[in-house]
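Below you'll find the structure, written out as structure tokens, and then a few comments.
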Amino acid sequence: MTDGRAVSRSKISIGDMALELFMILTAVITLYPFVYIISMSISEPGAVLAQEVWLLPRGFSLGSYNMVFENREIWTSYGNTIWYTLVGTTINVAFTLMGAYALSRKEFFARNGIMIYIAITMFFNGGLIPTFLLVNSLGMYNSRWAMVIPGAISAWNLIIARTYFQTSLPDSLPESARLDGATDIGIFLKIVLPLSAPIVAVLTIFYAVGHWNAWFNAMLYLSDSTLHPLQLFLRKILLMNSPDFLQGMEDAFERVAYAIQLKYASIVVAALPIICIYPFVQKYFVKGVMLGAIKE
Amino acid sequence: MNNRSLEHSWKRLMKNVRKDKYLLLLVSPVLLYYFIFHYVPMYGAIIAFMDFSPGQTILSSQWVGFRWFQEFFRSVFFRRLISNTVILSGLSLIFSFPVPIVFALMLNEMRRKTLKRVVQTVSYLPHFISLVVMVGILSNFLSPTDGIVNQILVRMGKEPIDFMGDSAWFRPLYIGSGIWQSFGWNSIIYMAALTSIDPHLYEAARIDGCSRLQEIRHITIPGLMPTAVMLLILALGNLMNVGFEKIILMYSPATYDVADVISSYVYRRGILGAQYSFGAAVGLFNSVINFALLISVNKISRHLTQIGLW
């Protein structure tokens, strides 16, 4: 990517500085909620109650985290989310890659027909109720599979992967391998997959973040709370003010402070894995969007 | 003759199937998945014309024609749902759509590349926060008792406001939080469009003595137009298609009068109220309108700008 503009006009003017200032301000505002949440979760309960925290932590206390980690429900839901993310992403990535590779092969006779078959579903769907009834009638109510099977393939990601195969694999590669007597499955596994690390990364990250953040299907299909994912548990704490967390706490003062801090600590615990891997995988996200933007 | 050509195409099909049998095998999970989870529900939508209740099958249900549609059109909620849906997504479009374009233009003008990259990275971050956490942050920051916003209001000598329970605040909060969460991410596609502008255009402009603002106006913005128009078509085509996930997390009976949209109503009546046929009818009505909207917007755009989705 060349940036032709910056070359000759190199003097930084007042306008440039104003722009930079504005952009820094935008970044700071975007980042502020994250900083505030972390500060609230690790401050001294007294400082939280006295409303002294507005940016950096006041004092230091991990009391709220202790409470979060002592709660069995959060561990169960954390484990569930990890299960949904691992199993779900594996299924997603495998099926998407297989389908996308087949659909990227120009000589595949059913290619256009299947692309239309998929594209139709992007503009038309049966709606919430028929899908809900179908998933129930397939016996997935209160089953872990309700969290991974109904969204097994995303048309958008399939198209991204197909674009990747079309633009970065030379046509001659599968053709010559076919002449050498390899089957298409052999070509896919032995030749194509080893060359596909970038697209596997893009798909894995897109799908995994989706699973990590998913809550609605759980609310639809899982009434058994031992199957609930983290996000549904968070909803209970953050938005429904579930008080059972604070049971056995004598001191009314601490109770109020912890009721507030607990929420912030749970946000941190839920979002931390994503925030931690984010800097390392960020470029793959961008790559995915760029691939999606390439028109045929 | 007819028979023979049928036989001929059957033979050709079989030959193709044999030739590509492994490719078919690779694509078969995709075929099966879309059939079961997308096409079967399309067929299932016919319960909108039936009196379907739990425990029955589609085949044993009674046909009732357009009864549920009529009930919906006559219901007191009809006008409210339609106007809430259109207003919420119309306002979202007006306020949210330009932000990533402006942001991309500004990023593009930044000279210091490291600073530019830092700003970009930070701006994508909110996109990865789940809706539950996003709405959780909103409701905690805005809590009338201990939220930071009301703390500031009180310190300024003002009365605390129950933002989340106040209908007047629902739309600004929904749209504002949406912008916070998506402006950076949505700018990526415009940044991609910017990299494909020919640098020679800028050189030529400079030789002709163009100012930077003139360059933006005559080169950069026209370079973004095709992408912007495409996204605008999609957005306009989805005008009646407001997602219910964020609304269900954000609203409460106190704000139903502005927050309840068609899809959240389908969820409440259809799933929570177990009125499956009625819910399916409202949902079907909504998707037919969406589809018609998308087709007409695409047609108008092709006519005006020669840009279209198909």
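In this text the structure is predicted, and so the values were computed from the model without any measurement. Each chain gets a letter, A, B and so on, in the order the sequences are listed, and its residues count up from 1.
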* To do: Test side chain to side chain contact (heavy atoms under 4.5 Å, CB included) on B:M106 and A:L19 and set out the steps.
  => CA-CA 7 Å; B:M106 293 172 87; A:L19 177 73; 3.6 Å; yes
* Assess whether side chain to side chain contact (heavy atoms under 4.5 Å, CB included) is satisfied between B:N150 and A:Q51, documenting all intermediate values. => CA-CA 11 Å; B:N150 275 311; A:Q51 310 192 332; over 6 Å; no
* To do: List the steps and the verdict of side chain to side chain contact (heavy atoms under 4.5 Å, CB included) for B:I152 and A:W54.
  => CA-CA 10 Å; B:I152 295 168; A:W54 62 276; over 6 Å; no
* Take B:Y267 and A:F132 through the side chain to side chain contact (heavy atoms under 4.5 Å, CB included) test and state the conclusion after the steps. => CA-CA 10 Å; B:Y267 170 73; A:F132 172 77; over 6 Å; no
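With a 4.5 angstrom heavy-atom cutoff, A:I187 does not touch chain B via any of its atoms. Using a 4.5 Å cut-off between heavy atoms, A:L138 touches chain B through its side chain atoms alone. Residue A:L234 touches chain B through both its backbone and its side chain, counting heavy-atom pairs closer than 4.5 Å. The part of B:T145 that comes within reach of chain A is its backbone (N, CA, C, O), which places non-hydrogen atoms under 4.5 angstrom from that chain. Only the side chain of A:M219 comes within contact range of chain B, judged by heavy atoms closer than 4.5 Å. If you measure heavy-atom distances from A:V53 to chain B, the contacts under 4.5 Å come from the backbone alone. Only the side chain of A:T26 comes within contact range of chain B, with heavy atoms under 4.5 Å apart. Interface remark: B:S139 contributes side-chain atoms only to the contact with chain A (heavy atom separation under 4.5 Å).
A:I185 meets the side-chain contact (heavy atoms from CB on, under 4.5 Å) test with A:T183, A:L189, B:Y22, B:L25, B:L26; sequence neighbours excluded.
Comment: A:D16 engages B:R212 in a salt bridge, judged by a side-chain N to carboxylate O separation of less than 4.0 angstrom.
Aromatic ring centroids of A:Y278 and B:F128 lie under 6.0 Å apart. Aromatic pair B:W180/A:F34: ring centres closer than 6.0 Å.
Inspection of the B:E245 and A:W215 side chains reveals an N or O donor paired with an N or O acceptor under 3.5 Å.
Atoms OG1 and CZ, on A:T131 and B:F37 in that order, are 9.5 Å from each other to the nearest 0.5 Å. Summarising the geometry, atom CE belonging to A:M40 is positioned 7.0 Å from atom CG belonging to B:D146; distances are rounded to the nearest 0.5 Å.
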Hey, can you pull the donor-acceptor pairs under 3.5 Å for the side chains in residues 113-130 of chain A, sequence neighbours left out?
unit_1, atom_1, unit_2, atom_2, d
A:Y117, OH, B:L31, O, 2.8
A:Y117, OH, B:F35, N, 3.1
A:T121, OG1, A:I118, O, 2.6
A:N125, OD1, A:G127, N, 2.9

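When each of A:A94, A:G15, A:A102 is checked for heavy-atom pairs under 4.5 Å with chain B, A:A102 comes out on top. No other option in A:P33, A:A271, A:A100 has as many heavy-atom pairs under 4.5 Å with chain B as A:P33.
Below 30°, between 30° and 60°, or above 60°: for A:F216 and B:F244 the angle between ring planes is between 30° and 60°, a tilted geometry.
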